[in-house]
2 protein chains.
Amino acid sequence: MKFAAATIKDIAKALGLSTSTVSRALRDSHEISTETKQLVLEYATRINYHPNPIALSLKEKRSRSIGVIVAEIANSFFSQAINGIESVANDKGYNVIISQSHESYDKEVMTLQYLASRSIDGLLISVSTATKDLQHLKALHDRGFPIVFFDRIVEEINTHKVAVDNFRGAYDATMHLMRQGYQDIATITNSENLSITKERVAGYMEALSQKHIKPRKSLIKYCFHGGMLLSEIEDAINQLLKVKPRPDAIFTGSDKLTTGCMRVLKSKGLRIPEDIAVVGFSNSDIIELLDPPITVVRQPAFEMGQVATELLLQLIESKRPVHDFERKILATTLIVQQDNARVKA
Amino acid sequence: MKFAAATIKDIAKALGLSTSTVSRALRDSHEISTETKQLVLEYATRINYHPNPIALSLKEKRSRSIGVIVAEIANSFFSQAINGIESVANDKGYNVIISQSHESYDKEVMTLQYLASRSIDGLLISVSTATKDLQHLKALHDRGFPIVFFDRIVEEINTHKVAVDNFRGAYDATMHLMRQGYQDIATITNSENLSITKERVAGYMEALSQKHIKPRKSLIKYCFHGGMLLSEIEDAINQLLKVKPRPDAIFTGSDKLTTGCMRVLKSKGLRIPEDIAVVGFSNSDIIELLDPPITVVRQPAFEMGQVATELLLQLIESKRPVHDFERKILATTLIVQQDNARVKA
DNA sequence: CTGAAAGCGCTAACAA
DNA sequence: TTGTTAGCGCTTTCAG
C-alpha cells in the first residue's frame with residue numbers, strides 16, 4: 001500500500017503560489033518576502049511536508065548514499081567498522097547501504113553490481129578472501145566511480161586505502177608467543193591473495209627470524225574461505241599436528257580463525273595453552289570471557305570505518321578528479337591476558 | 001567527482017530512435033520489431049547501460065528499499081536477524097538500509113525520521129529498551145506507512161509482529177536452573193516497558209511458581225539501557241548480592257546482559273556456577289568457548305528476520321490497505337552445556 | 001511498429 | 001518579489 005506524501009505542488013496550490021516560490025521559500029531564499037516565507041513554512045510544517053529525496057537525487061545526480069561491502073556483519077571487526085562508517089556518514093547526511101559477500105567471490109561480484117546499479121555515490125569495500133580477479137572493481141574504478149578500500153585492500157587499484165599495520169600486529173603477537181617460551185609457532189591465516197594475509201605472514205616470519213628461528217613452510221596454513229567452513233580450520237590443524245616437531249603455538253590471522261581454532265582444538269581435547277597456545281587477531285568484545293582468555297591483536301575497527309568514510313566522502317564531494325591518494329595505516333593493540341601469560345614448561 | 005552513466009537518451013540518439021522506442025525495446029514490449037529490439041539490446045549491453053533506479057523510483061513512487069532499525073549491529077542476535085532480512089529482501093530485489101538506535105530513544109526517533117524522509121518503502125523495527133513513548137511510530141503508521149515489528153514488539157500499534165515465545169524460553173531456562181538444584185534464582189533483564197521483558201519475566205515467575213517458589217521482587221532487576229552501560233549491570237548485581245538469602249543463580253534476559261553479567265561476576269571474583277550460576281538468552285556463536293560454557297536460550301534470529309521481511313514486503317506490495325495482521329511466534333531452543341550441568345552441592 | 005508529449009517532485013535560469 | 005519553463009531519466013498514454 002502506498003501512501004502519498006505532501007509535495008511542493010500541494011503547498012503551492014493551497015496557498016495560491018507557484019511551485020518555484022514555494023521551493024525558494026522553503027530553502028529560505030533571500031528573494032522571497034518574509035511574509036510569504038512564513039506563510040509557506042507554517043503550512044509546510046502543518047501538513048508535515050518533507051522534500052522527496054528521490055526527486056532531489058534525480059536532479060542532483062547523486063543519491064547521498066554510500067555502499068559498504070564486507071564479508072560478514074556478524075563479525076565483531078566488521079560490525080565495529082560499520083559503526084564507525086555510519087557515525088561519519090550519518091553526520092554528513094549520507095545513508096549507508098550494507099551488503100555482505102560471505103567470503104564468496106561470486107556473491108561479491110553480484111552484490112557489487114547490484115549496489116552500483118542502485119546509484120550509490122561511492123563504495124567502501126573490504127574484499128572477500130576468495131577475491132583474486134579484480135575486474136569487477138577495476139571496471140567501476142575506471143569509470144571514475146569513487147571507491148575506498150579498508151582492511152583488506154587491493155594494491156592493483158589506485159585509490160584511498162585504510163588498513164592497520166598488519167605486519168606489526170603479527171610481529172607483536174608472534175614475539176609475545178616467543179617471549180612466553182613457545183618456539184614452534186604455526187600460523188593459520190586467510191587466503192594467500194589477501195593483502196592482510198601477506199602482511200601478517202611477513203610479520204610472523206620477521207619475528208621468528210629475529211629470534212633466529214627459521215620459518216617453516218609446513219607451519220603456514222592458508223584458509224581460502226577465511227574459516228567460513230570450520231572443516232577448513234580442522235584440516236589445517238590436523239595437518240599441523242602431524243608436523244615434527246609438533247607446533248606448540250598457533251598465531252591466527254583473523255577473528256573467525258581465532259575462535260574457529262579454539263573450537264577445533266577443544267573438540268580434539270587439546271588444552272590451551274598447555275598443549276598448544278593460541279594468539280591471534282580478534283575484535284571480539286568477550287575475549288576475556290573465553291576459556292582461556294587468550295591474548296589477541298585488536299584492530300581499531302571503529303576508527304578505520306571513520307577514516308575510510310571520511311576519505312570516501314572527500315572523493316565523492318571533490319569537484320575535480322582526484323589523483324593523489326592516501327594510504328592510512330592505523331596501529332593495532334596487543335591485548336595481553338593474564339591467564340595466558342604463564343611461561344611454558 | 002561524478003561519473004555519468006549511459007541513459008536511454010544516449011541509446012536513442014546513437015541509434016536514431018525515439019526514447020520511447022528504446023524504453024519499450026529494453027522492456028521487451030511486443031509492439032517492437034525483433035530487429036529493433038536486437039539492435040537496442042546489443043547496443044545497450046555494449047555501452048553497459050543500466051536503468052537509473054532513481055528515475056524509476058520517482059516514477060513508480062517506491063524506492064525498492066526497506067529500512068531496519070535495531071539496537072546494535074554488533075550483537076549476535078541482531079546481526080543474524082539482519083542476515084535473514086537481507087536474504088529475503090535481496091531475493092525480491094529490495095535494498096536494506098540499516099540503522100542503529102544504540103538503545104537510545106532519541107536516536108531511535110531521529111533515525112526513524114531520517115529513514116522515513118529518505119523514502120524507504122517500509123520499516124522493520126525492534127524498538128530500543130528506552131522506548132516508552134510511541135508517537136514517532138504511531139504517526140508513521142497512521143499515515144499508512146508499512147511497519148513490521150520483530151523481537152521487541154509493540155502492542156499499541158496494530159500491524160504484523162514477529163517474535164519468539166519469550167515466555168517459554170524464560171520458563172525453560174528457569175526450569176533448567178531449578179532442575180540443577182538452584183532455588184534462589186534472580187533475574188536481570190531489559191527495561192520493564194519492553195514486550196520481551198514482560199514475557200520473559202512472566203515465564204521466569206511461572207517456572208518458580210510451578211516449583212512452589214514464591215517470586216521475590218528484590219530478585220528482579222531491570223536494566224533501562226539493556227546493559228549498554230556495564231555499570232547498570234554492576235549495580236544490579238551488587239544489589240542482588242545483598243539480598244538474603246543470597247541468590248545462587250541468575251537468569252539473564254538478553255545477549256548483552258548475559259555476557260555483561262559474566263564479566264561483572266568474574267571481576268568480583270565470583271565463580272560461575274559454583275558461587276552463582278548464569279543461564280540466559282544469547283545468540284553468541286562462541287558460547288561454547290566461554291568460561292564456563294553456560295547454558296543459553298537461543299532465538300531463531302535468522303528465521304525471524306526472514307519471516308518479518310516476508311510480512312513487510314507483503315504489506316508493501318499489497319494493492320489495498322491491510323487490516324488483517326499476523327502475529328508469528330517462533331520457538332526458542334535451550335542449548336544445554338555439559339559443564340554447567342553439574343548438580344549444585 | 002514507432003514517435004511525440006506528459007508527468008513523477010524538485011530546482012534554477014530566465015522573465016516579468 | 002514572484003511566475004514560467006525546462007529538464008533530471010524513465011514510462012506510458014495517445015497519435016500516427
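Residue numbering restarts at 1 for every chain, and letters A, B, ... go by the order of the sequence lines.
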| query | Does the base of D:dT4 carry an N or O that pairs as donor and acceptor with the side chain of A:S20 under 3.5 Å? | reply | yes
| query | B:D10 has an atom CG; how far is it from atom P of D:dC8, in whole Å? | reply | 11 Å
| Above 12 or not: heavy atoms from other molecules or residues under 6.0 Å from NZ of A:K138? | yes
| said: Strictly below 4.0 Å: does B:T21 bring a side-chain N or O up to OP1 or OP2 of C:dG3? | reply: yes
| task | Using whole Å, report how far CG of A:L15 lies from P of D:dG3. | result | 10 Å
| d(CD1, A:I32; C1', C:dT11) in whole Å | 13 Å
| request: Starting at atom CG of B:L58, determine the distance to atom P of D:dT12, rounded to an integer number of angstrom. | output: 14 Å
| field | Nearest to side-chain heavy atoms of A:S18, which nucleotide of C:dA4, D:dC10, D:dG3 | value | D:dG3
| request: Inspect the contact between B:E103 and B:R152 and indicate whether a charged nitrogen and a carboxylate oxygen are less than 4.0 angstrom apart. | output: yes
| query | Below 4.0 angstrom from OP1 or OP2 of C:dT2, is there any side-chain N or O of B:S33? | reply | yes
| query | To the nearest Å, how far apart are A:L26 CG and D:dT1 C1'? | reply | 16 Å
| said: Could you tell me how far apart B:R62 (CZ) and D:dC10 (C1') are, to the nearest whole angstrom? | reply: 16 Å
| request: Choose from D:dC10, C:dT11, D:dT2 the nucleotide whose nearest atom is closest to any side-chain atom of A:S23. | output: C:dT11
| said: C:dC1, OP1 or OP2 - any side-chain N/O from B:K37 closer than 4.0 Å? | reply: no
| Point-to-point distance, once rounded to the nearest 0.5 Å, from CD of B:E317 to CZ of B:R62 | 5.5 Å
| Tell me: CD1 of A:I54 to P of D:dC10, nearest whole Å? | 15 Å
| Side-chain N or O of A:K61 closer than 4.0 Å to phosphate OP1/OP2 of D:dG9 | yes
| field | Residue whose closest nucleotide on DNA chain C lies nearer the 5' end, B:T36 versus A:L56 | value | B:T36
| said: From CG of A:D28 over to P of C:dT11, roughly how many Å is that when rounded to an integer? | reply: 13 Å
| message | Please give me the minimum heavy-atom distance between A:P51 and A:L56, naming the atom from each residue. | response | CB-CD1, 4.3 Å
| message | So, taking the atom named CD1 in B:I98 and the one named CD in A:E86, what distance separates them when rounded to the nearest 0.5 Å? | response | 7.5 Å
| Taking for each residue the nucleotide of DNA chain C with the nearest heavy atom, is it B:H30 or A:R27 whose nucleotide lies nearer the 5' end? | B:H30
| Can you check whether B:A163's main-chain N or O pairs, donor with acceptor, with B:R327's side chain at less than 3.5 Å? | no
| task | Please work out which residues in residues 43-53 of chain A have a non-hydrogen atom less than 4.0 Å from an atom of DNA chain D and list them by number. | result | none
| message | Quick check on C:dA12: is either OP1 or OP2 less than 4.0 Å from any side-chain nitrogen or oxygen of A:R24? | response | no
| If you pin A:K59 and B:I8 to their nearest nucleotides in DNA chain D, which one's is more 5'? | A:K59
| field | Check: B:S191/B:N193 side-chain N/O donor and acceptor closer than 3.5 Å | value | yes
| request: Look at the side chain of B:E31 and decide which nucleotide, out of C:dT2, C:dG9, D:dT1, has an atom nearest to it. | output: C:dT2
| field | B:H136 ring center near B:Y105 ring center (under 6.0 Å) | value | yes
